[in-house]
There are 2 protein chains.
Amino acid sequence: MTKKLNSDPVCAVDYAFQRIGGKYKGRIIWYIHTHTVLRYGELKRSIVGITPKMLTQTLRELEEDGLLIRKVYNEVPPKVEYTLTESAKELIPFIDHLREWGDKRMGNYKINCQ
Amino acid sequence: MTKKLNSDPVCAVDYAFQRIGGKYKGRIIWYIHTHTVLRYGELKRSIVGITPKMLTQTLRELEEDGLLIRKVYNEVPPKVEYTLTESAKELIPFIDHLREWGDKRMGNYKINCQ
DNA sequence: CAGAATCCTTGATGATACTG
DNA sequence: CAGTATCATCAAGGATTCTG
């Protein structure tokens, strides 16, 4: 799993985008929000096109940044659930706003975020 | 100037992040907002660490995406001013909140976004 | 002043196979 | 099921120089 090297943020906007930017972070946070809780495999199916490597890596980064909680059940077969932290939940109204903004401008291909 | 190859967005959240993600877009939009209007050179000084190539490239992408207006004055020396479009202004509350969210979490190094 | 042109580096992402 | 482990690629970003 490749390590991510975020350079020191030069301001709060920079800081924030370093944490929720990237190809999949927005969608991951949003999808977990709409389902309240999601398992690894469910995320894998929701985030179209993501590889297991990128999913794991991105989930770990979000966890380290205090945006989501990873709950492991010691069962066979394995079960891991992901939920949002309070910190991440504070972003939801605004990601929602962003979603509507994007929706207005997508024009042709209207595929809904789940 | 390298071209950016955004793959087709799979949903509105994806679409939005493709447009305002990237290393400098958030800061550029925010700085123009706080100053109402900025010239190329002023942006160059505000966006710490950016190279002229990246600044030009990013500004053009934002322009193509209908987020900012580039006004050229036919004078010598040259003068170019950048302002936000209405579409971009709709994003300001989002970026502002993101800024506060980031500010709360930055801890040690508190550098203000201009 | 506001950039364009070139060349180059590397980090983000992808493909595939494997495992407790 | 929920990941790891490798290896490969490629586009985002950087350094530098030049110009109308």
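Every chain is numbered from 1, with letters handed out A, B, ... down the list of sequences. The figures here come from the full heavy-atom set of this structure, side chains too, leaving out hydrogens, waters and symmetry mates.
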What is the distance, to the nearest angstrom, from the OH atom on B/Tyr40 to the P atom on D/dT19?
17 Å
For C/dG3, does either OP1 or OP2 sit under 4.0 Å from a side-chain N or O belonging to B/Arg60?
yes
A/Gln57 CD to C/dA15 P, in whole Å, measures 15 Å
What is the distance from CD of B/Gln18 to C1' of D/dA12, rounded to the nearest Å?
14 Å
base_contact_polar (D/dG14 base, B/Lys53 side chain, donor-acceptor, <3.5 Å)
yes
side-chain contact (heavy atoms from CB on, under 4.5 Å) involving A/Glu100 - partner list, sequence neighbours excluded
A/Asp96
Is a side-chain N or O of B/Arg19 found less than 3.5 angstrom from the main chain of A/Gly102, in a donor-acceptor match?
no
Under-4.0 Å side-chain N/O to phosphate OP1/OP2 contact, B/Tyr82 with C/dG3:
yes
Walking DNA chain C from its 5' end, the first of A/Pro78 and A/Pro52 to be reached, judged by nearest nucleotide, is A/Pro52
Write down the distance between OH (A/Tyr24) and P (C/dA12), rounded to a whole number of angstrom.
14 Å
Between C/dA2 atom P and B/Glu75 atom CD, what is the distance in whole Å?
10 Å
With sequence neighbours excluded, tell me which residues meet ring-ring contact (aromatic ring centres under 6.0 Å, His included) with A/His97.
none
Considering every strand and a 4.0 Å limit on heavy-atom distances, what is the contact class for B/Lys44: base, sugar-phosphate, or nothing?
nothing
How far does CD1 of A/Ile47 sit from NZ of A/Lys25, to the nearest 0.5 angstrom?
13.0 Å
Test salt bridge (charged side-chain N to carboxylate O under 4.0 Å, His left out) applied to B/Lys23 - qualifying residues, sequence neighbours left out:
none
Rounded to whole Å, please give me the gap between CD in A/Glu81 and P in D/dA2.
9 Å
Find which nucleotide of DNA chain C each of B/Val80 and A/Met54 is nearest to by heavy atoms, and output the residue with the more 5' nucleotide.
B/Val80
With a cut-off of 3.5 Å and sequence neighbours excluded, list every side-chain donor-acceptor pair involving residues 66-80 of chain B.
unit_1  : atom_1 : unit_2  : atom_2 : d
B/Arg70 : NE     : B/Tyr82 : OH     : 3.3
B/Tyr73 : OH     : B/Glu81 : OE1    : 2.8

What bend angle does the helix from C/dC1-D/dG20 to C/dG20-D/dC1 show across its length, from five-pair end axes and to the nearest 10 degrees?
60°
With a non-hydrogen cut-off below 4.0 angstrom, is A/Pro77 in contact with a base, only sugar-phosphate, or nothing?
sugar-phosphate
B/Lys23 side chain: which of D/dG14, C/dA2, D/dT4 is closest?
D/dG14
Aromatic rings B/Tyr15 and A/Trp101: how do their planes relate, parallel, tilted or perpendicular, breaks at 30° and 60°?
tilted
Would you please name every residue forming a salt bridge (charged side-chain N to carboxylate O under 4.0 Å, His left out) with B/Lys89, sequence neighbours left out?
B/Glu86
Within the structure, does a side-chain N or O atom of A/Arg45 lie under 4.0 Å from either OP1 or OP2 of D/dA2?
no
Could you tell me whether B/Tyr73 contacts a base, only the sugar-phosphate backbone, or nothing, with contacts defined as non-hydrogen atoms closer than 4.0 Å?
nothing
Nearest whole Å is fine: how far is C/dG3 C1' from B/Glu63 CD?
13 Å
How many whole angstroms separate atom CG of A/Leu55 from atom P of C/dT13?
13 Å
Among the nucleotides C/dG3, C/dG14, D/dC1, whichever has the atom closest to the side chain of A/Arg39 is D/dC1
